[in-house]
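This report refers to the structure that appears directly beneath it.
On a predicted model such as this, the values are computed, not experimentally measured, just so you know. Remember, it's 1-based here, ligands and their atoms both numbered in the order they're listed.
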Amino acid sequence: MPEAATYSVVETLRNGRRVEIRALRPDDQAGLLTAVGRTSAQSLFRRFFAAKRGFTEQEVAFFMNIDFTNHVALVAVVEEAGGPVIVGGARYIVGQPGQAEVAFVVVDEYQGQGIGAALMRHLAAIARNSGLRELIAEVLPDNTPMLKVFEKSGFSLESVREITTF
Ligand SMILES: CC(C)(COP(=O)(O)OP(=O)(O)OC[C@H]1O[C@@H](n2cnc3c(N)ncnc32)[C@H](O)[C@@H]1OP(=O)(O)O)[C@@H](O)C(=O)NCCC(=O)NCCS
């Protein structure tokens, strides 16, 4: 089993909140879908480039079927009153050798607290350990938070693709 499959670290954010950044687990499906349900239409659009509310069975299977080699997925988990909940996720999928495409989403009420940056730090560390040299992302030109997250990752920004809306 790749090392990334058991990845887990706990970080303290600037506001003192503790967040666990860990590998996506097979039993995370419900938690992931709940997180999507708590995410705004704008954030989902920035992540999926389409007005997304639900997912097909095939899409869910794709998101959950992680080999932690060519497809690596991390989640951010915080403690809420009812227990631990997923409030963000980040993944990369290897395309060409040495290069992977990353995608992120953080539940709106948890954005701007450093969770996206933390996810990127750990995803980038796993990518480096796996010998990846380049991470690319599809980022809308007005998506300052994601561009900032990418800038700080230490990975080259050269290949960030900007796609425009129509
Ligand atoms: C992009 C995203 C994952 C970033 O996650 P986040 O937890 O909000 O990011 P962070 O809190 O770590 O902030 C990252 C940087 O962006 C900055 N930032 C956050 N919100 C901002 C805003 N509304 N305007 C300008 N800068 C902002 C932060 O200040 C931080 O920079 P700093 O460390 O220099 O202060 C999150 O905003 C999100 O889910 N967006 C919707 C989905 C998306 O756009 N995905 C990217 C395409 S794959």
With a cut-off of 3.5 Å and sequence neighbours excluded, list every side-chain donor-acceptor pair involving residues 112-119.
| residue | atom | partner | partner atom | Å |
| --- | --- | --- | --- | --- |
| Q113 | OE1 | N15 | ND2 | 3.3 |
| Q113 | OE1 | R17 | NE | 3.0 |
| Q113 | NE2 | E109 | O | 3.4 |

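Classified by interplanar angle (parallel below 30°, tilted 30° to 60°, perpendicular above 60°), the ring pair H71/F62 is tilted.
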Short N or O contacts of ligand 1 with protein, under 3.5 Å, listed by atom name?
| residue | atom | partner | partner atom | Å |
| --- | --- | --- | --- | --- |
| ligand 1 | 7 (O) | G116 | N | 2.8 |
| ligand 1 | 8 (O) | G112 | N | 2.9 |
| ligand 1 | 11 (O) | G112 | N | 3.2 |
| ligand 1 | 11 (O) | Q113 | N | 3.1 |
| ligand 1 | 11 (O) | G114 | N | 2.7 |
| ligand 1 | 12 (O) | A117 | N | 2.9 |
| ligand 1 | 33 (O) | K152 | NZ | 2.4 |
| ligand 1 | 34 (O) | K152 | NZ | 3.3 |
| ligand 1 | 39 (O) | V106 | N | 2.7 |
| ligand 1 | 39 (O) | V106 | O | 3.4 |
| ligand 1 | 39 (O) | Q111 | NE2 | 3.4 |
| ligand 1 | 44 (O) | N143 | ND2 | 2.6 |
| ligand 1 | 45 (N) | F104 | O | 2.9 |

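Checked against side-chain contact (heavy atoms from CB on, under 4.5 Å), Q42 has the following partners two or more places apart in sequence or in another chain: S40, R46.
Contact annotation: the side chain of V77 never approaches that of V19 to less than 4.5 Å [non-hydrogen atoms, C-beta and beyond].
At most 12 heavy atoms of other shown residues, nucleotides or ligands fall within 6.0 angstrom of atom CZ in R18.
Identified under the salt bridge (Lys or Arg N to Asp or Glu O under 4.0 Å) test for residues 63-92, with sequence neighbours left out: R38-E80.
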